[in-house]
Novice: 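The structure is given below, and queries will be raised subsequently.
Computation of the quantities below employed the complete heavy-atom set of this structure, encompassing side-chain atoms and omitting hydrogens, waters and symmetry-equivalent molecules. Chain naming here is simple, since letters A, B, ... match the order of the sequence lines and numbering starts at 1 in each.
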There are 2 protein chains.
Amino acid sequence: MTFSSYIRQSREGLKAQDRRFSVRQVAQRIGVEPAYLSKIERGDVAPPSEGKIRALAEELNEDPDVLLAMAGKVSSDLLAIIRKRPKLFAELIRDLKSMPDHAILRIARDVRDGDW
Amino acid sequence: MTFSSYIRQSREGLKAQDRRFSVRQVAQRIGVEPAYLSKIERGDVAPPSEGKIRALAEELNEDPDVLLAMAGKVSSDLLAIIRKRPKLFAELIRDLKSMPDHAILRIARDVRDGDW
DNA sequence: TGTCATGTGTCATACATAGGACACACTTAT
DNA sequence: ATAAGTGTGTCCTATGTATGACACATGACA
C-alpha cells in the first residue's frame, strides 16, 4: 500500500465514526490547505515534509516512523543518531539487514534491560 | 571539522605525494567540473550528492559513511534497510543512542558471529 | 619568455520540493 | 430550496538542490 492510499484509508475510517475527520478539518488541524491534503491522499503530489507527516500521524493515531517509511523517509532524529557515529551504526545496521525480527527485538530488549 | 575543509585537507595530503591529485584531475576522475570541486572544498556550495561523495571517498581513500555523515547525509542503502522495518529499527537505534561505542561494537560482533 | 597547469570568480540553468489561493460542482442537513 | 459542508481541479510561487560553462589571474617550468 502506498502512503497516499494508506492515509486516505486511515482518515476515512476515522471519519466513519466522527465527522470531524473530513479532508477540510484534518487539513486545518495539521496546518495545510484542504486541496493539498486531497492531492496527497490521491498521490497527486509527493508525500509532504516530515513535520506534516508527524502531524498527520498524531491526528490519525498512526506510528510516525511507519508513515515516514511509507513516504520514503526516515525520521530525522534517527539520522542524527547515525551521523554522530557513522561507522558504528553503518556496520551494525548492515549486519542486521538479514536478521529476523525477533532477533532484533531481542537485542533491543537486552539493551533496554541493561544487559550490556 | 567541516566536510569541505576535510576534503581539501585529504586531497592536499595526497597531492603532496602525487601530482595527480590536483583539483582539476580529481574533479575529472569523479566527474565534476573543477570549479565545482573547488567550491565544494571551500564550502562555497553545499556538499554534493551521495554519488559524488562516494566517488570522492573512493578517490581519496576515505570511508564513505564518514564522509556522508560530515555532509549531513546517511547512506541510502542504510535508509532502505531501516524503511523496510521502521518500527524495529527506530526502536533499536533510539535505544542505542546513549550506549558507548564498545557496547555497540560488541552487539555487531555477536550478530556477525551468529550468536543469535 | 612563452606555454602550460593551477585554483577560482561569475553567471546561468534544470529540476525537485513544499506548499498556497481560489473556484467549482456535488451532497447533506435544515 | 437554501445554506453549509465536501472533495477536488487549476494555477501559481518560493526556495533549495545540484550542477555546468567559461573566463581569468597566478605560478611553475622548459
Novice: Should the pair R112(A)-E91(B) be classified as a salt bridge under the 4.0 Å nitrogen-to-oxygen rule?
Specialist: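 A salt bridge links R112(A) with E91(B).
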
Novice: Does anyone know the first and last nucleotide of DNA chain D in reach of chain A, 5' to 3', at under 4.0 angstrom to a heavy atom?
Specialist: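 First-to-last contact on DNA chain D, by the 4.0 Å heavy-atom rule, is dT6(D) to dC11(D).
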
Novice: dA5(C), OP1 or OP2 - any side-chain N/O from R19(B) closer than 4.0 Å?
Specialist: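 No, R19(B) has no side-chain N/O under 4.0 Å of OP1/OP2 on dA5(C).
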
Novice: Side-chain N or O of K15(B) less than 4.0 angstrom from OP1 or OP2 on dA5(C)?
Specialist: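 False: K15(B) side-chain N/O out of range (4.0 Å or more) of dA5(C) OP1/OP2.
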
Novice: So, is R11(B) close to the dG7(C) phosphate, meaning a side-chain N or O under 4.0 Å from OP1 or OP2?
Specialist: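 Yes, R11(B) has a side-chain N/O under 4.0 Å of OP1/OP2 on dG7(C).
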
Novice: Rounded to the nearest angstrom, tell me the gap between atom CG in D44(B) and atom P in dT10(C).
Specialist: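 Distance, rounded to whole Å: 9 Å.
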
Novice: Taking NZ, NE, NH1 and NH2 as the nitrogens, is one of them in D77(A) or K97(B) under 4.0 Å from a carboxylate oxygen of the other?
Specialist: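 Looking at K97(B) together with D77(A), the answer is no, because their closest N to O distance does not fall below 4.0 Å.
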
Novice: Give one of base, sugar-phosphate or nothing for V45(A), where a contact means two heavy atoms less than 4.0 Å apart.
Specialist: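 No contact.
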
Novice: Ring of F89(A), cation from R83(A) - is the NZ or CZ under 6.0 Å from the centre and inside 45° of the axis?
Specialist: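 Cation-pi check for R83(A) and F89(A): fails.
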
Novice: Between C1' on dG7(C) and OH on Y36(B), what's the gap in Å once rounded to a whole number?
Specialist: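 In whole Å, dG7(C) C1' and Y36(B) OH are 17 Å from each other.
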
Novice: Starting at atom CD of Q28(A), determine the distance to atom C1' of dG20(C), rounded to an integer number of angstrom.
Specialist: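 Distance, rounded to whole Å: 15 Å.
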
Novice: Indicate yes or no: does D113(A) engage R106(A) in a salt bridge with an N to O separation below 4.0 Å.
Specialist: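 Salt bridge flag = no for R106(A) with D113(A).
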
Novice: Please work out if S22(A) contacts a base, only the sugar-phosphate, or nothing of the nucleic acid, heavy-atom cut-off 4.0 Å.
Specialist: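 Sugar-phosphate contact only - S22(A) comes under 4.0 Å of backbone atoms but never of a base.
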
Novice: Nearest whole Å is fine: how far is dG19(C) C1' from E50(A) CD?
Specialist: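 Distance check: E50(A) CD to dG19(C) C1' gives 17 Å.
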
Novice: Please determine if a side-chain N or O atom of S49(A) lies less than 4.0 Å away from the OP1 or OP2 oxygen of dG19(C).
Specialist: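 Checking dG19(C) against S49(A), a side-chain N or O does come within under 4.0 Å of OP1 or OP2.
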
Novice: Determine whether the side chains of E50(B) and S76(B) contain a donor N or O and an acceptor N or O closer than 3.5 Å.
Specialist: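 Note: E50(B) and S76(B) side chains meet the donor-acceptor criterion.
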
Novice: Where do R8(A) and V23(A) land on the side chain to side chain contact (heavy atoms under 4.5 Å, CB included) test, with the steps shown first?
Specialist: CA-CA 9 Å; R8(A) 162 130 309 183; V23(A) 166; 4.2 Å; yes

Novice: Does any non-hydrogen side-chain atom of M70(A) lie less than 4.5 Å from one of T2(A)?
Specialist: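 Contact flag for T2(A)/M70(A) side chains = no.
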
Novice: Regarding K52(A), tell me which of base, sugar-phosphate or nothing describes its non-hydrogen contacts under 4.0 Å with the strands shown.
Specialist: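 Sugar-phosphate, backbone atoms only, no base.
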
Novice: Compare side-chain N and O positions of R24(B) against OP1 and OP2 of dG7(C) and report whether any pair is under 4.0 Å apart.
Specialist: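 For dG7(C), OP1/OP2 do not have a side-chain N/O of R24(B) under 4.0 Å.
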
Novice: Does dG7(C) have OP1 or OP2 sitting under 4.0 Å from an N or O in the side chain of S38(B)?
Specialist: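 Result: no.
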
Novice: Measure distances between side-chain N and O atoms of K39(A) and base N and O atoms of dG19(C), and say whether any donor-acceptor pair falls under 3.5 Å.
Specialist: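 Between dG19(C) and K39(A), which were checked side chain against base, a qualifying N/O pair under 3.5 Å is absent.
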
